[in-house]
Engineer: 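I am attaching a structure below and will ask some questions about it afterwards.
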Amino acid sequence: MARRILIAGNWKMNGLQSDGLALASALATHMRGTSDPAFEMLVCPPFTLISKVVDAVAGSGIQVGGQDCHAAEKGAHTGDTSAWMLKDLGCTYAIVGHSERRTDHGENDATVKAKAEAALAAGLRAIVCIGETLEERDAGKTLDVNRTQLHGSLPAGATAENTVIAYEPVWAIGTGRTATPEQAQEVHAMIRSELVGKLGQGVADAMRVLYGGSMNPKNAKELLAQQDIDGGLIGGASLKADDFWAVAQSCP
Ligand code: 13P
């Protein structure tokens, strides 16, 4: 089954207004000059830049997402942003459960599942992140850890249209140390087989599973060529328009 490759940039906590605008405008120029791209492109700026970026990429086909959302629709949650607010700004996606959120904010699988369900309820697509630490990999627990996180974080009502999984080994994030294509494919294949059991063959075949962790223009082609890798969630290399565009050009 052909799955449309998703090239997603997670800008994390980077960029003042002028930087974000320049980056978004450069990507929009690339995208407007491309007819019938072989990929779907998404950028997830910090909350402060979402409105400006939505305007800058309007009509280019580039989508905009949030990096997190609260599980509630509204209420007394100082400093938080709801999925409905992201939707209201023009977002179509929300990343949930990124390992930096799990570490910095103590999020666990139950929190992530609730956030993903809020994203779906608000009409967004959820990108649900999972991944093992180096300690867990060295202890031979990679598949078990990812299986547990997948089952605990997957939102009720997940379909291939509304949910994307992102496998991001924690040891590969921001370290320049990428998983080999074989290491990534092994986990992606496990994820797909778990999805078959949970959601059925048809949904599992159609659901996209992204790889994230030091993906860049040099290694993207080999990673994206793997059978069960359906795109990338890109941090550092998404902050330079030419690098991010080069990653997108590596789609098979
Ligand atoms: P890097 O590409 O900087 O390793 O970050 C990956 C990531 O965490 C994307 O969500």
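The structure displayed is predicted, hence computed values, not measured ones. Note that ligands are numbered from 1 as they come in the structure, with each ligand's atoms numbered from 1 the same way. Hydrogens, waters and symmetry mates are skipped; everything else that's a heavy atom, side chains included, is used.
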Engineer: Check for a donor-acceptor pair, side chain of Arg3 on one end and backbone N or O of Ala206 on the other, with a separation under 3.5 Å.
Structural biologist: no

Engineer: Out of all atoms in ligand 1, which are within 4.0 Å of some heavy atom of His98? Include the element for each.
Structural biologist: 7 (C), 8 (O), 9 (C), 10 (O)

Engineer: Tell me: protein heavy atom nearest atom 3 (O) of ligand 1, and distance?
Structural biologist: Gly236 N, 2.8 Å

Engineer: Just wondering, are more than 12 heavy atoms of other shown residues or ligands nearer than 6.0 Å to NZ in Lys12?
Structural biologist: yes

Engineer: With respect to Gly235, determine whether any N or O atom, backbone or side chain, lies less than 3.5 Å from an N or O atom of ligand 1.
Structural biologist: yes

Engineer: Which option out of Glu168, Lys12, Glu100, Gln67 puts a heavy atom nearest to atom 10 (O) of ligand 1?
Structural biologist: Glu168

Engineer: Transitive ILVMFWY cluster of Ile127 at side-chain heavy atoms under 4.5 Å: who else is in it?
Structural biologist: Leu6, Leu42, Tyr93, Ile95, Val164, Leu210, Leu233

Engineer: Is there a donor-acceptor pair under 3.5 Å between the side chain of Gln67 and the backbone N or O of Pro45?
Structural biologist: yes

Engineer: Any side-chain to backbone donor/acceptor pair from Asn162 onto Gly157? Under 3.5 Å, distance only.
Structural biologist: yes

Engineer: Between Asp144 and Arg147, does at least one N-O distance fall below 4.0 Å, as a salt bridge requires?
Structural biologist: yes

Engineer: I need the full list of side-chain hydrogen bond (donor to acceptor under 3.5 Å, both in side chains) pairs touching residues 71-81, with sequence neighbours left out, sorted by first then second residue.
Structural biologist: His70-His77

Engineer: Show me which atoms of ligand 1 lie under 4.0 Å from any heavy atom of Ala172.
Structural biologist: 4 (O)

Engineer: Of all the atoms in ligand 1, which lie at a distance below 4.0 Å from a heavy atom belonging to Gly174?
Structural biologist: 1 (P), 3 (O), 4 (O)

Engineer: Does Ser214 come within less than 4.0 angstrom of ligand 1, counting non-hydrogen atoms of the residue?
Structural biologist: yes

Engineer: With heavy atoms of Gly213 as the reference, note each atom of ligand 1 found under 4.0 Å away.
Structural biologist: 4 (O), 6 (C)

Engineer: Of the side chain and backbone of Asn10, name the one, both, or neither that has a heavy atom under 4.0 Å from an atom of ligand 1.
Structural biologist: side chain

